[in-house]
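Everything quoted here is computed from the prediction, not taken from an experiment. Here, residue 1 is the first one in the sequence, and each next residue gets the next number. Keep in mind that the numbers below use all heavy atoms, side chains included, and drop hydrogens, waters and symmetry copies.
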Amino acid sequence: VTDLVVHFSASSANTRPLHDVPISAAQRDYSATVGEEAPMPDMSTPIAESNFNKGFRGATVTLWQTRDEDSAAITDLALANSSQVSMMMDMGFHKLDANLFEQSGRGELYLMFKKGSGQPLMDVSTTHDESHGYTAIRGESHGHEVVIYVMYSDDKSTLRRSLTWTPCTGDDSEIVLCAAAAATGTELSSTMMCMLLDPAPKMPPEFTAIADPEDAPERECVIPEDGEWDAMMGRELKICFRVLHNGDRSEVRFSEESGRPEDTDRAEELLTGRTPTGAFIADVSGTQGQPTCEDAPCQGDRGMMVWTPSPYQGGWKGQVCLEACVFAEACPATPGGETEICTETCFPVSVARCRWSLVAEDSFVEIAPRFQTNWLQLWYLNPGVGHPDFALRSAMEAINIGRVYTARWDDTVDGLAARFGVPRQRLMDLNADLIGMTDEEFMAQERMVCIIPDSCSIEPPSNSGKNQ
């Protein structure tokens, strides 16, 4: 039993006028409107023979009880007259503010109840007695006695309460939480118990590259021994990674700076529709089992970065950087604080120059426009191909699309362009690492340059004296 309600109404036994009009509990008198009484709570049932004014003038009294397994139960019930109410409240009882002798001229008698740590009240009755396992509760006012019978549970289980708390990001300081069981409305309570809480901080994710097992049927992801991934134009480079974090979820994306490898602005207008290009992150999903993180429980996500260098990224060398972020929930500990915590990891990659990885149905005729040349030149650069109409993919994995030239100490980009009869921009298209490079930087160390010579437009070199 979680609640008790006293309801007043009029009856034909009442000698006052308007006997069919209910009585207002607030005014303790007849109300002016029929049906003004408040509706009973859900799961409430009336207690039989609970009109304690029966045979006397006054309101007709009906006692209702509510049962709810999910609410706190009444653990003690008593009857008190007006001289006893204050003492009972000092003992931790609550007063049900409805006189059981309402308007009968016999004084005041009230129900008093507790919701504490005792055994829960299972039933309230006026017809059952001690022979049925009930306990009698007695009260009197002006010589008139009321007897109510109650039954308590014989279950010896402990009253349980729980606290749920989700620390905000940044709430990683030790906190002492104290609690006590208290009687509502009084200063009575149990001994206070305290516990030390040490929230684990929300740490940045741990981001590492991983490889497929050596005995896997198809090893898509391999970690190079020298730590640098080798890529080739037209071929997918796959880098598998694992993210460990102690957040609810993580997001992996390319870093804003030095993230996704940049391609030339002219790539879209120069490439055919079937040319494979682009970089994306795929297959980010939870790992099997429970990973272990340092000092805190964590979750794991596995994913893959896939990049297919375009025909204008040959010779590219740099870092492909990814960010793994966990969200800082909706309550950062400081106003305006970070909404996510991120870790950046970069993978060094170099793209082979002058080599194109063949895909299904590739032919010299289709490949040539990607490199602004013709099929005859490509056939000449690949003497292993017996006939230009042969299916290239069935004979080899990759083809040469130019010659690799080792620059001399005094070579410049413009000098090479003039020597081999190609525009300067053509060298940039074939060698992504030359973009933005000055002649001083070019000459500072030995350089490898991919060149597709145009023998038909070569003019006598201006530096013929250096060709000895």
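- The ring of F241 has its center closer than 6.0 angstrom to the ring center of F207.
- No side-chain donor-acceptor contact under 3.5 Å links T406 to the backbone of M448.
- Residues T277 and T308 have side chains that never bring a donor and an acceptor to within less than 3.5 angstrom of each other.
- Of all heavy-atom pairs spanning A98 and V6, the tightest one is CB-CB, 3.5 Å.
- Atom OG1 in T373 sits 7.5 Å away from atom CG in L381 (nearest 0.5 Å).
- At distances below 3.5 Å, at least one donor-acceptor pair connects side-chain atoms of Q65 with backbone N or O atoms of V124.
- One distance of note links CZ of F364 with CD1 of I401; it measures 12.0 Å at 0.5 Å rounding.
- Counting only distance, with no hydrogens or angles, the side chain of N382 and the backbone of W379 share no donor-acceptor pair below 3.5 Å.
- Ring centers of F371 and W356: under 6.0 Å apart, within the cut-off.
- A distance-only check finds no donor-acceptor pair linking the side chain of K95 to the backbone of F113 [under 3.5 Å].
- Between Y152 and T75, the shortest heavy-atom distance links the atoms CE2-O, 3.3 Å.
- Checking side-chain atoms of E366 against main-chain N and O of S363 turns up no donor-acceptor pair under 3.5 Å.
- More than 12 heavy-atom neighbours from other residues, nucleotides or ligands sit within 6.0 angstrom of CE on M88.
- Side chains of P205 and L244 form no contact here, defined as non-hydrogen atoms less than 4.5 Å apart.
- The one candidate from E344, R260, Q319 that meets the side chain to side chain donor-acceptor pair (under 3.5 Å) condition with S255 is E344.
- Ring centroids of W229 and W307 are separated by 6.0 Å or more, keeping the two rings apart.
- For the atom pair CG of L430 and CD1 of I452, the computed distance is 4.5 Å after rounding to the nearest 0.5 Å.
- Between F420 and Y405, the distance separating the two ring centers is shorter than 6.0 angstrom.
- Within the 3.5 Å criterion, the main-chain N or O of L427 finds a donor-acceptor partner in the side chain of N431.
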List the steps and the verdict of salt bridge (Lys or Arg N to Asp or Glu O under 4.0 Å) for R424 and D429.
-> CA-CA 9 Å; R424 176 188 176 91; D429 292 342; over 6 Å; no
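- Counting heavy atoms from C-beta outward, C321 and F254 have side chains that stay 4.5 Å or more apart.
- W375 CH2 to I367 CD1: the interatomic distance, rounded to the nearest 0.5 Å, is 13.5 Å.
- With R353 contributing its side chain and R403 its backbone, the two residues share no donor-acceptor pair below 3.5 Å.
- The existence of a salt bridge linking R235 and E397 is excluded, since no basic side-chain nitrogen approaches an acidic carboxylate oxygen closer than 4.0 Å.
- Proximity of F347 to T345: side-chain heavy atoms (C-beta onward) are separated by under 4.5 Å at one or more points.
- When all heavy atoms of A80 and M112 are compared, the pair lying nearest together is CB-CG, 3.8 Å.
- Atom-to-atom distance recorded for L237:CG and S357:OG is 11.5 Å, nearest 0.5 angstrom.
- No side-chain donor-acceptor contact under 3.5 Å links Q377 to the backbone of N374.
- Using a 4.5 Å cut-off on side-chain heavy atoms (C-beta onward), V351 and K317 make no contact.
- Residues D76 and K115 are not paired through a salt bridge, judged by the lack of any N-O separation under 4.0 Å between the basic side chain and the carboxylate.
- With respect to the salt-bridge test (charged N to carboxylate O, under 4.0 angstrom), the residues D411 and R447 do not qualify.
- Atom CD of E323 sits about 9.0 Å away from atom CD of E251, to the nearest 0.5 Å.
- Under 4.0 Å is where a charged nitrogen must lie from a carboxylate oxygen, and between R355 and D230 no such pair does.
- C354 approaches G402 most closely through the heavy-atom pair SG-C, 3.6 Å.
- Checked for salt-bridge contact, D3 and R67 miss the test: no charged N lies under 4.0 Å from a carboxylate O.
- Taking the side chain as every heavy atom from C-beta outward, I281 and M304 never approach each other to under 4.5 Å.
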